[in-house]
Colleague: 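First the structure, then my questions, so here it is.
These figures come from a predicted structure and were not determined experimentally. Reminder, nothing fancy here: chain letters follow the sequence lines and each chain counts from 1.
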2 protein chains.
Amino acid sequence: MIKSPARNTIADVARHAGVSKATVSRFLNHRETLLSPEIAIRVETAIAQLGYTPSPMAQSLKRGRSRLIGLVVADITNPYSVAVLRGAEQACREAGYLLMLFNLGNEGERETAGIHALSSYRVEGFILNTMGHDAGALLETARQGKPMVLVDRLHKGLDVDFVSLDNHQAIYLSAQHLFDAGYHELLLVTEPLGEVSSRVERARAFDAFVAGHPPVSGRCTESREQDRDALADALRACRDRARARSAMPAIIANNAVVTLRVVAAVDRLGWELGKDIGLVGIDDTEWAPYVGPGISTVSQPTNELGRKAAQCLMQRVAGSTVAARQILLPGTLMARGSSRPATA
Amino acid sequence: MIKSPARNTIADVARHAGVSKATVSRFLNHRETLLSPEIAIRVETAIAQLGYTPSPMAQSLKRGRSRLIGLVVADITNPYSVAVLRGAEQACREAGYLLMLFNLGNEGERETAGIHALSSYRVEGFILNTMGHDAGALLETARQGKPMVLVDRLHKGLDVDFVSLDNHQAIYLSAQHLFDAGYHELLLVTEPLGEVSSRVERARAFDAFVAGHPPVSGRCTESREQDRDALADALRACRDRARARSAMPAIIANNAVVTLRVVAAVDRLGWELGKDIGLVGIDDTEWAPYVGPGISTVSQPTNELGRKAAQCLMQRVAGSTVAARQILLPGTLMARGSSRPATA
DNA sequence: TTGTATGCGTTATCAC
DNA sequence: GTGATAACGCATACAA
């Protein structure tokens, strides 16, 4: 490998091999087109000697394809986002695509800026896990026919591929499990519903479950990070309602962040999980087995979600024009101490 | 904003404003060069009307600057990497750079592939948090004079900026804290040292501490994910040694992953943290307060690390040529139940 | 089968 | 001040 002050170009290779640039380019892109073996060899060795790599920038300019995928994440701090990101990155890389990352840091207003920034780099498609505060840029992008796939959060009026946990199944799984364990006073704790489709869907599924199981009584409360007292109050109220009808109370936490808040609140109240109150959290985490008696969770196939999302996108990028799909993957129950059979 | 089937170019703007491409380009890049106000206005409105954005690809091709930063991470699953990533992304964005992400997924062999992939996109600099299995590509990149900054892991023979937790300080902080709490039989649990500089440094600091505090006896054990029994054995042995000299045993876990393993092992042994054995983990996590009696940790200023790394890089990219810096940030002790004063 | 010429969207070097 | 025009690195239609 020859020392390269600047990067060498296709022209360098051509000169080195004593052929034209076109020939080198053909060697690279149309291997099927027969080049005379002798020339092929010359080009090949020249490439090897110079350690030549085509400039994706120039290629992109010429072909109009960048081999880049834009990934916009609501919050890179959220383990869920990361897990999905991981799956997506794998699938993209395997397909020869690189990922450009834009993190919203939970500032929904930056959504448009992010999409435009990535867009300007001519990414060939988007994987979006956003807040949905500003569908404007999304619509614009969709209208331009640029492929995109939504993860976890659906935006109304956007007819595109969508990959997500089967929220209905996940909630039913949790609720049924708690029900079977003897918890009949349920409380769903969620982050503010707002426009976030996954949260709304889970709340709806929860209501449906409660409606379909008469012995069960259930409510839903929104929890904000700042307001710890409100959550504690909601927990106390739930337990009081349970006592009044001599039932056992239990919480379903809508995601890992909320689960941790519930754990903290229960801790401050001096209660014991799986004894004073039941708990199932959506999103399995590595620490769940070791908090208190172990926290029961519904595990999302995050890696698979990311992969599926990327695969959908790759198909579209490759030109597929099938109708928008909705891919719903089921969650798995991880039963632990926090939902052990209630002893009234 | 006019509907755009394809993206409009500088030529479109020029036509729309009735000027030449050169003029538009000047308007964009050399605002200081006086254009006649009348023309400036025409260009400005044309740009606005067409919603024109320059193509970074073409700019990159022409100027040789991509406004891209390459980020190579050993393992995106590691919360530490993510936290750093977050800080770095912020700083880069603020400076008008976008991040290209390459995740090694703990497969060190892919390091070269990653660097080459990003390199081919002409990223202007690298932020690296890698395994160090293959310094070849790094050296090559450094030799080409491309700026880079190492995070957490130093590679020998590479004279570049380095940003990291002050490992010596962090270990001394942990050890002194345990010592003060009455734990005199210490065990450092680390992932396999290998060539990973941060692990080796911590082990050295640990040895130094032990050597400097005669009442203290200390060992170090490497823990692998597959081999749970080995870790349990090491813990048992540590406790036995402690008993033999009627001292109290305690663990220092080298990072969050290991902390969790230790927690699991202690759990299986039926021991109680802060009672049968002490524990301080490096890396603070959101779950640390809620596992067992609360896990004492040393918190890393991760966000700050990421920002500092990105800032160093921005300076270099901007042409600064100061000598390679070593930026060491101190950790903060978060004392919790797992290191409560020992009651022999 | 191989070489020549052109253009992708920009910026920079000239002239005017 | 402003406008042609070449060049960045590459792929391709066309000519040979």
Side-chain angles (χ1 to χ4, degrees), chain A residues 4-44 46-47 50-68 96 116 119-124, chain B residues 4-44 46-47 50-68 96 116 119-124:
Chain A
S4 50
R7 198 116 189 149
N8 16 26
T9 78
I10 201 172
D12 299 320
V13 177
R15 202 175 318 115
H16 214 76
V19 299
S20 78
K21 296 192 294 177
T23 302
V24 178
S25 178
R26 271 190 288 258
F27 176 83
L28 258 18
N29 303 305
H30 309 282
R31 313 284 291 227
E32 68 285 9
T33 310
L34 265 4
L35 313 221
S36 65
E38 185 235 352
I39 290 225
I41 298 271
R42 289 212 327 251
V43 173
E44 187 161 23
I47 289 181
L50 296 176
Y52 166 75
T53 330
S55 154
M57 293 287 185
Q59 288 182 321
S60 154
L61 195 59
K62 188 67 199 156
R63 323 202 242 224
R65 310 189 46 198
S66 61
R67 301 208 74 80
L68 247 30
H116 280 146
S119 207
S120 78
Y121 274 92
R122 306 295 188 273
V123 296
E124 295 184 36
Chain B
S4 51
R7 199 122 187 144
N8 19 24
T9 79
I10 202 172
D12 298 321
V13 177
R15 203 175 318 117
H16 213 77
V19 299
S20 77
K21 296 191 296 175
T23 302
V24 179
S25 178
R26 269 190 290 258
F27 176 83
L28 258 17
N29 303 305
H30 309 282
R31 313 283 293 225
E32 68 284 9
T33 310
L34 267 2
L35 312 222
S36 64
E38 185 235 351
I39 289 223
I41 299 272
R42 287 208 334 247
V43 172
E44 188 160 21
I47 289 181
L50 296 175
Y52 166 75
T53 329
S55 152
M57 293 286 186
Q59 288 182 322
S60 155
L61 191 60
K62 190 63 196 161
R63 324 202 242 224
R65 309 189 48 199
S66 61
R67 301 207 74 81
L68 248 28
H116 279 146
S119 206
S120 78
Y121 274 92
R122 306 295 189 272
V123 295
E124 296 183 37

Colleague: Rounded to whole Å, how long is the line connecting atom CG of A/Asn29 with atom P of D/dA13?
Modeller: 12 Å

Colleague: Determine: side-chain N/O of A/Tyr52 to OP1/OP2 of D/dC10, distance under 4.0 Å, yes or no.
Modeller: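 Checking A/Tyr52 against D/dC10: at least one side-chain N or O falls below 4.0 Å of OP1 or OP2.
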
Colleague: In whole Å, I'd like the distance from the CG atom of A/Leu28 to the P atom of D/dA11.
Modeller: 6 Å

Colleague: I need the CZ-P distance between A/Phe27 and D/dT12, as an integer number of Å.
Modeller: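 Atom-to-atom, A/Phe27 to D/dT12, this comes out as 16 Å.
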
Colleague: Side chain of A/Ile39 only, please: which of C/dG3, C/dT2, D/dT2 is the nearest?
Modeller: C/dT2

Colleague: Quickly work out the A/Leu61 CG to D/dA11 C1' distance and round it to whole Å.
Modeller: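 Nearest whole value for this atom pair: 11 Å.
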
Colleague: Does C/dT11 have OP1 or OP2 sitting under 4.0 Å from an N or O in the side chain of B/His30?
Modeller: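 Indeed not, no polar side-chain atom of B/His30 lies that close.
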
Colleague: May I have the distance from B/Lys21 (atom NZ) to D/dA4 (atom C1'), rounded to whole angstrom?
Modeller: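 That distance rounds to 10 Å.
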
Colleague: In whole angstrom, give the distance that lies between atom CZ of A/Arg63 and atom C1' of D/dA11.
Modeller: 8 Å

Colleague: If you only use heavy atoms from C-beta on, which nucleotide in D/dT2, C/dT11, C/dT2 is closest to the side chain of A/Thr23?
Modeller: C/dT2

Colleague: Which is true for B/Ser120 with a 4.0 Å heavy-atom rule: it touches a base, it touches only sugar-phosphate, or it touches nothing?
Modeller: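 Contact class for B/Ser120: none.
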
Colleague: Counting side-chain heavy atoms from C-beta on, which of C/dT13, D/dC10, D/dC14 comes nearest to A/Gln59?
Modeller: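 It is D/dC10.
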
Colleague: Does any N or O in the side chain of B/Asn29 come within less than 3.5 Å of the main-chain N or O of B/Arg26, such that one atom is a donor and the other an acceptor?
Modeller: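 Side chain of B/Asn29 to backbone of B/Arg26, a donor-acceptor pair under 3.5 Å: no, none is there.
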
Colleague: Confirm from the modelled atom types if A/Arg122 and C/dG9 form a donor-acceptor pair under 3.5 Å, side chain to base only.
Modeller: no

Colleague: Let me know the distance between CG of A/Leu35 and P of D/dT12, rounded to the nearest Å.
Modeller: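 In whole Å, D/dT12 P and A/Leu35 CG are 14 Å from each other.
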
Colleague: For D/dG9 and A/Ser55 - does any side-chain N or O of the residue sit under 4.0 Å from the phosphate oxygens OP1/OP2?
Modeller: no

Colleague: Using salt bridge (Lys or Arg N to Asp or Glu O under 4.0 Å), reason through B/Arg65 and B/Glu124 one step at a time and then give a plain yes or no.
Modeller: CA-CA 7 Å; B/Arg65 309 189 48 199; B/Glu124 296 183 37; 3.4 Å; yes

Colleague: Hey, which of these two, A/Ala22 or A/Ala58, hits DNA chain D nearer its 5' end, going by closest nucleotide?
Modeller: A/Ala58

Colleague: Classify the nucleic acid contact of A/Ser25 as base, sugar-phosphate or nothing, counting any heavy atom under 4.0 Å across all strands shown.
Modeller: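 Since a base atom lies under 4.0 Å of A/Ser25, the category is base.
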
Colleague: Could one point to a donor on the side chain of A/Lys62 or the base of C/dG7 with an acceptor on the other under 3.5 Å away?
Modeller: yes

Colleague: Would you mind reporting whether B/Leu28 and B/Tyr52 have side-chain heavy atoms less than 4.5 Å apart?
Modeller: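 In short, these two side chains touch, coming nearer than 4.5 Å.
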
Colleague: Select from A/Thr9 and B/Ser36 the residue whose nearest nucleotide in DNA chain D is closer to the 5' end of that strand.
Modeller: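 Comparing both residues, the 5'-ward one is B/Ser36.
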
Colleague: May I have the distance from A/Asn8 (atom CG) to D/dC8 (atom C1'), rounded to whole angstrom?
Modeller: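 Between C1' of D/dC8 and CG of A/Asn8: 15 Å.
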
Colleague: With a 3.5 Å distance limit and no angle check, can you tell me whether B/Arg42 reaches the backbone of B/Ala40 through a side-chain donor-acceptor pair?
Modeller: no

Colleague: What are the two closest non-hydrogen atoms of B/Ser20 and B/Ala14, and how far apart are they?
Modeller: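 What the structure gives for the nearest pair is C-CB, 3.7 Å.
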
